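Since the structure comes first, as structure tokens, the remarks are kept for the end.
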Amino acid sequence: MYQFQYFRPKSLDEARKLYENNGDAKFLAGGQTLIPTLKQRLAQPTALIDLGGIAMSGIKVAGGVVTIGAGTKHFDVASSADVKGAIPALSHLASHIGDPAVRHMGTLGGSIANNDPAADYPAAVLGLGATIKTTSRTISADDFFTGMFETALEEGEIITEVSFPVPEKAAYMKFPNPASRYAMVGVFVAKTKGGVRVAVTGAASSVFRESAMEAALTKSFTPDAVAGIKVSPGNMNSDLHGTAEYRAHLVTVMAKRAVATIA
Amino acid sequence: MTASIIGTSVRRKEDHRFITGQGRYTDDINRPGQAHAYFLRSPHAHAKIKSIDTAAAKAAKGVVGIFTGADIAADKLGPLTCGWMVTSKDGSPMKMGAHPVLAGDRVRYVGDHIAIVIAETHAQAKDAAELIAVDYEELPAVVDPAHAADAGAAQLHPEAPRNTIYQWELGNKPETEAAFKKAATKVSLNLTNNRLIPNAMEPRAAIGEYDDGTGGYTLYVTSQNPHVARLVISAFIGLAPEHKLRVVAPDVGGGFGSKIFIYAEEVVCTWAAKKVKRPVKWAAERSESFLSDAHGRDHITHAELALDADARILGLHVKTTANLGAYMSTFSSSVPTYLYGTLLSGQYNIPAIHVEVDAVYTNTAPVDAYRGAGRPEATFVIERIVEEAARQLKLDPVEFRRKNFVRTFPHQTPVIMAYDIGDYDASLDAAMKLANAKDFPARRAEAKARGKLRGLGYSTYIEACGLAPSAAVGSLGAGVGLWESAEVRVTPTGSVEVFTGAHSHGQGHETTFAQVVAGRLGIPLENVEIIHGDTNSVQFGMGTYGSRAAVGLTAVSRALDKIEAKAKKIAAHVLEASAADIVFENGEFKVAGTDRKLAFHEVALNAYVAHKFPTSEIEPGLKEGAFHDPTNFTFPAGCHICEVEIDPETGVTKVVNFTAVDDFGNVINPMVVEGQVHGGVAQGIGQALLEHGVYDKESGQLITGSYMDYTMPRADDLPTYKLGFTVTPCPSNPLGMKGCGEAGAIASPAAVINAVTDALGVKEFDMPATPQRVWATINRNRAAAE
Ligand SMILES: Cc1cc2nc3c(=O)[nH]c(=O)nc-3n(C[C@H](O)[C@H](O)[C@H](O)COP(=O)(O)OP(=O)(O)OC[C@H]3O[C@@H](n4cnc5c(N)ncnc54)[C@H](O)[C@@H]3O)c2cc1C
């Protein structure tokens, strides 16, 4: 790690001011991505602004919407009776992020702000058509994830909460990378008021919606409807653990298996 | 009451300190005034160093000193060396390139050590290292052993043309050729033994210290063999005379071989301590461990088996290319030769064997012994080809093995080893029963109905431990003898301190060695202390590797013989009897046929008080030592059976059943032995399904440089093992033990891959059987069938 200054503001206002007054500051949430990056000297912020002192965590279910504070830990989402009752697929997803230590530190806001191509949460946010609330606006999931490690967030903008509309049914199926256990392919399937949504993480440079599967599942919400859909390997990631062809194939298998759990 | 403690599962004495966080590892030690070191490493796989400018770095905050290869050369510090001479078939000695402790004008792998930066804090040392300007001229690199000897491949060392270190052979070539000429069936197989990265829980660390008052150095280091480290650093590197160098290996958190070797960092820290007049501490970060610990395995092999019409093995020919990395590590030359070729006969009668091994340099981290060292590679060859032979002949793999088992002992193989004892049918029978092998067809059918593929694989392995009669290893090129030493000191109150050269870094010696002493002397386990790991207290030792603790235990046992003999003489005087009439039973010295007796502690007290015996005849005190040199290797053997289930849609392979029945001879502590099997099998399944050290073929960068890409086995990758033991007591040591530390890693990879190939119906499959590879194979086969 390089040296940096550390701040722990009590309010969003204070956090914003600190951000503005410090050259190359970064927000710190659970630190599960940021701290390893610093330890490997891959980033050199002048200041860390720890969001942990700001009341931004908690889970509310009201009016067919589950609202989760950005600072809520993965463990709390995984173990919340409210989430389990309203969107069991979401707590299931959270329970498969990393290991217990990671789940007790990592946060929803940090995960989606980071938008790692292999992260799990982006699949739920996009798959459920969630809304991301920040210090300056609300952003729809479809507009939020803009590319590899890129989001619609502006400089200094802080995610405060995410609202997930409760779907009719939903499921998440993850094929973990054997080494890192991040998603090599993760498919979130949801039947929502606005229609069927299928979001895929891990496979490409950023989470994306698989429209051919959405169309097929709209006609018939069955595993067979997606089993025959071949996904193009064209945009898929390829590495030691999986070629683009393998990942494309896994998208179909994981989609089919996700649907099978709820069809 | 304690005589029966040998053979019981007493809890490990050391675990209290380990699991309550009170272990004392090298990085827990802080010396007064210590400074912190960081090593600048090569970012390139192969480059010329045109210049190094340290001026800016030396001026950085907190910097205490920076040294490079030029400083090492100026002090005439010798290079790291490989202590086992292997001779090529043409009679020429192996071709070893120099391995300077800090690079000279060339770097040869990513992670090669260039400079030591010493500062007040580790962070400052790292900051300063970034200010060192190295002018590199990048050179082409070769990382693939299959192409290292190609004409036109990058050349690593001028001493070794075509990157070839040696071309070794063992066995009988004409006889083997004759066997193939008369063979009714020939079986051939291509195999790769994947490169593994050891990943001990505790990364390597060292603290070097120099005392100007005495002129003595001290090195605290993560070592499996502190005396060997002292010997090499003194005699070969020339840092200090042996008596002016103390090496301490405190608690060590796992080694698996990777901490046998003498590494640059520990040498440089010790040397630099005198330069900067302060203790110098270095502890590897995990990324450094990946880059710079010696890796394991990395063989490419073509094997052929000749069989007669009755399915009896006539001959075996094996041709292997072994990747030794960029430099020859401490024992690297012996691993793909004497620890490999000598085990290729397996459990079978094979009249003729010929093995050829080419060792090559590549621009990768040095490769040396890793749990099993050569024997897993040998077992993989013989157990894969035996399984394949059975399949080719459409014979039951069990029946085929039985047809060829060695059943009379001693058995001289064509590749040096003389097996002393064993019962291979017994372990195979027991394993088949535990694994419920007979019902496998039903389980396979049931899996098929669920759309899954099941496979069953056997590995009836043998290995050689104990390492080994000194004259024997000497004749094979070893630079050292491989005996072990022990000193038993009885205190005046009758408790016992045992000084052993067999360092413990996870094996539980503090318990098992104490069991042997307590059982023998009839005293409570708590009264025995096992002391190891410090050259200042332990007389000498060759260290722990090669499942050789039995050698150390035998040395203890021999020292106890002497203790008993002397104690009897003392007891005779005290009891006013003849020494010949004294018997030692259950911790008491008795005059035979009377009720006159002395407890062990009473004799101990008399030995030190020395009032009741003539000190002109018997010296006061009770302390004896022994150096034990084994008379043969020991030959643990057994049978592992693996059952896998493959999901053809995803390629995921799950080990659903794993059975290991091992013959380790007599067992001192079954719980400790089971623990060794558990760990070994985890590493073997890791090798077969998960782990793979991969370098980028173009750039020579280590792709699997962290746990993001290097797949370490985790608990949920492993099944609950079914374990069993059979026993044929080892005839070459008084306790009848064979060694158990490596068998799990030696036997299991072949069992797993035999199961995977059985499930997939394919002949060859390269480890590791990752989901991606298994799926690709299924896909290919399906496409071919269509
Ligand atoms: C061993 C390990 C295994 C893991 N496995 C998985 C896995 O299987 N699946 C998975 O999805 N993830 C995994 N992760 C990542 C984990 O989920 C992280 O917690 C998450 O990616 C980042 O969240 P954080 O709270 O730790 O954020 P931090 O690391 O603190 O921050 C990450 C980034 O987000 C920014 N940020 C944080 N909070 C906000 C906010 N409220 N508004 C705006 N920007 C913000 C920070 O400035 C930083 O750039 C793993 C991590 C580790 C260490």
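Lettering of chains follows the sequences in order, A, B, ..., and the numbering in each one begins at 1. From a predicted model like this one, the values you see are computed outputs, not experimental measurements. Just the heavy atoms: all of them, side chains too, but no hydrogens, waters or symmetry mates, feed the values below.
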Exercise. Is the closest basic N to carboxylate O distance between A:Asp99 and B:Arg714 below 4.0 Å?
Worked result: no

Problem set entry | Portion of A:Lys39 that has a non-hydrogen atom of chain B nearer than 4.5 angstrom | backbone

Exercise. Which region of B:Thr704, side chain (C-beta onward) or backbone (N, CA, C, O), has a non-hydrogen atom less than 4.5 Å from a non-hydrogen atom of chain A, or is it both or neither?
Worked result: side chain

Problem set entry | Part of A:Asn177 within contact of chain B (heavy atom distance under 4.5 Å) | side chain

Exercise. Relative to chain A, which segment of B:Asp716 carries a heavy atom at a distance below 4.5 Å: side chain, backbone, both, or neither?
Worked result: side chain

Exercise. Can you tell me if NZ on A:Lys26 sees more than 12 non-hydrogen neighbours from other groups inside 6.0 Å?
Worked result: no

For this session: Identify the heavy atoms of A:Met254 and B:Thr650 that sit nearest to each other, and give their distance.
Result: CE-CG2, 3.9 Å

Exercise. Which bit of A:Thr243 is near chain B, if near means a heavy-atom gap under 4.5 Å: side chain, backbone, both or neither?
Worked result: both

Exercise. What part of B:Glu691 gets closer than 4.5 Å to chain A, counting heavy atoms only: side chain, backbone, both or neither?
Worked result: neither

Seminar exercise, completed: chain A shares the most heavy-atom pairs under 4.5 Å, among B:Pro771, B:Ala123, B:Gly651, with B:Pro771

For this session: Rounded to the nearest 0.5 Å, what's the gap from CZ on B:Arg286 to CD on A:Gln40? Could you check?
Result: 13.0 Å

Exercise. More than 12 heavy atoms of other residues, nucleotides or ligands under 6.0 Å from CG of A:Asn235: is that the case?
Worked result: no

Seminar exercise, completed: Here the gap from B:Asn779 atom CG to A:Glu245 atom CD, rounded to the nearest 0.5 Å, amounts to 9.5 Å

Exercise. Picking from B:Leu689, B:Leu690, B:Asp127, which has the most non-hydrogen pairs under 4.5 angstrom with chain A?
Worked result: B:Asp127

Exercise. Is it true that A:Arg257 and B:Glu649 have a side-chain N and a carboxylate O under 4.0 angstrom from each other?
Worked result: yes

Problem set entry | Sole residue of B:Thr770, B:Asp709, B:Thr711 in side chain to side chain donor-acceptor pair (under 3.5 Å) with A:His241 | B:Asp709

Exercise. Do you know which two heavy atoms are closest between A:Gly242 and B:Gln772, and how far apart they sit?
Worked result: CA-OE1, 3.3 Å

Exercise. Does any heavy atom of chain B fall under 4.5 Å from the side chain of A:Arg41, the backbone, both, or neither of them?
Worked result: side chain

Exercise. Any side-chain heavy atom of B:Val652 within less than 4.5 Å of one from A:Phe175?
Worked result: yes

Problem set entry | For A:Tyr182 against B:Met708, the heavy-atom pair lying closest together | CE1-CE, 3.9 Å

Exercise. Which of the residues B:Met712, B:Glu130, B:His692 is involved in the greatest number of heavy-atom pairs with chain A at under 4.5 angstrom?
Worked result: B:Glu130

